[in-house]
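Just so it is clear, the structure is predicted and the values come from calculations on it, not from any experiment. Residue numbers begin at 1 in each chain, while the letters A, B, ... track the order of the sequences. These values consider heavy atoms only, across backbone and side chains, with no hydrogens, waters or symmetry-generated copies.
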Amino acid sequence: MSGTVLVVDDSVMMRKVVLRTLKMAGVEFDNILEAGDGQEALGLLRENVVNLIMCDINMPVMSGLELLQKIKEEKLAPGVPIVMVTTEGSEPQVRQAILAGARGYIRKPFTVEHIENNVKPLLVA
Amino acid sequence: MFESVSAPGSYAMEDFLSDHNLTLIDETVSEVFGMMLGFTAEAAPASAPALSDLQERTAIVGFSGAMRGSCEVRMSIGAAREIASAMLGGVPIDEADDSISDAVGELCNMIAGGWKNRVPSLSSLCALSPPTVVSGSRYRVHMSKPSAKIERVFRFEEHGFQLTLQCEERDAA
């Protein structure tokens, strides 16, 4: 798949796991951008065009929910699917993320099937 | 003896110490290991000897909100290496690789989150701290108030790890 994916997670290991699982699900991009927190992701989004954002919620410096808010305020990445990938799977948080602009939600731990069911449809739509 | 707290949004100590909670913990560990690592993890019998590896790696995640406490995952370097390698699809990992600590931290995070999401009174009312990873074995985690502790040893492949959940006693309303 041509384009760029941005993976935001404070864990390097989890970023690798997300990228590996995307690949196993047949969701592969030409370019990969990685950020360790929301602030770093914001910097990358101001300078790059991306086609998919996979984002953790619970991160230092700037959380995933704060990042969603900033993306909305600055009108960055219009129309780009943002999928939250997090251990925080409670209903209010899912609602909060969706209201803030997330298009999908995947709870850790996850499998290839979760990516296929929750990410792939967002890319063909 | 711990007192049950009935205030809304709080978690009762007897629920924490119940057999049902052990089932929830075991289910969580099994799910995390099965889905993220492709391993079967099973709780060792209570009579099983404690883990004695000296070169340990421990990850700690704190709970706050409806419950204050911690989740600790403690294992040998060998076990941590096996987990880091499995997370990356079987890639060999060097003992000095930082991803070992990262993997144990994420494992702890997923177990802590998976467990609290299974407890309705905690799911949306309890927050997790980012994981902290400690090297070595001569340390203790102190709670600021008296707390109850659940220690459980799990086995996977040829390794084991110890899971410790601590729950602080709450002030009576």
Side-chain angles (χ1 to χ4, degrees), chain A residues 7-25 28 32 34 36-40 54-66 84-99 105-118, chain B residues 27-39 41 59 61-66 71 80 83-91 93 97-133:
Chain A
V7 183
V8 192
D9 199 307
D10 54 324
S11 161
V12 178
M13 171 62 80
M14 198 44 70
R15 298 203 298 264
K16 286 180 184 168
V17 170
V18 168
L19 287 167
R20 178 175 162 260
T21 316
L22 281 171
K23 190 175 175 181
M24 287 168 76
E28 227 175 328
I32 294 164
E34 296 184 40
D37 59 62
Q39 190 71 53
E40 210 181 310
M54 303 289 287
C55 184
D56 187 16
I57 286 186
N58 197 8
M59 293 181 288
V61 186
M62 184 189 285
S63 74
L65 293 175
E66 287 171 309
M84 307 312 283
V85 186
T86 182
T87 47
E88 296 285 359
S90 70
E91 218 175 282
Q93 266 171 327
V94 176
R95 210 177 310 125
Q96 207 181 340
I98 299 296
L99 284 173
Y105 204 96
I106 291 175
R107 192 173 66 81
K108 299 174 195 171
F110 54 85
T111 62
V112 174
E113 287 71 34
H114 290 124
I115 299 278
E116 284 173 344
N117 295 334
N118 295 286
Chain B
E27 277 175 12
T28 305
V29 170
S30 172
E31 180 188 72
V32 171
F33 270 71
M35 287 171 78
M36 291 308 281
L37 309 172
F39 293 151
V61 167
F63 298 107
S64 62
C71 173
I83 282 170
S85 172
M87 275 191 184
L88 297 176
V91 176
I93 304 274
D97 197 316
D98 285 345
S99 61
I100 290 182
S101 296
D102 202 0
V104 180
E106 277 306 308
L107 180 77
C108 185
N109 192 32
M110 285 187 277
I111 291 173
W115 171 73
K116 74 119 179 162
N117 287 335
R118 280 176 162 79
V119 180
S121 59
L122 296 180
S123 177
S124 59
L125 297 167
C126 178
L128 305 180
S129 74
T132 298
V133 181

Q. Taking A:E40 for the side chain and A:G36 for the main chain, is one N or O donor matched with an acceptor at less than 3.5 Å?
A. yes

Q) Looking at A:K108, A:R20, A:H114, which has the largest count of heavy-atom pairs under 4.5 Å with chain B? A) A:R20

Q: Determine whether the side chains of A:S11 and A:D9 contain a donor N or O and an acceptor N or O closer than 3.5 Å.
A: no

Q. In terms of heavy-atom pairs under 4.5 Å with chain A, which of B:G89, B:P130, B:S99 leads?
A. B:G89

Q) Which heavy atom of B:C108 sits nearest a heavy atom of B:C71, and at what distance? A) SG-O, 3.3 Å

Q: Name the member of B:G113, B:S124, B:C126, B:A127 that forms the most heavy-atom pairs with chain A at distances under 4.5 Å.
A: B:S124

Q) How far does CG of A:D56 sit from CE of A:M14, to the nearest 0.5 angstrom? A) 8.5 Å

(Q) Which atoms of B:A112 are under 4.5 Å from chain A, going by heavy atoms: the side chain, the backbone, both sets, or neither? (A) neither

Name every donor-acceptor pair, under 3.5 Å, that has one atom in a side chain of residues 28-38 of chain B and the other anywhere in the protein, sequence neighbours excluded.
| residue | atom | partner | partner atom | Å |
| --- | --- | --- | --- | --- |
| B:T28 | OG1 | B:L24 | O | 2.7 |
| B:T28 | OG1 | B:R118 | NH1 | 3.3 |

Q | chain B interface, residue from A:V112, A:N58, A:L19 that has the most non-hydrogen pairs under 4.5 Å | A | A:N58

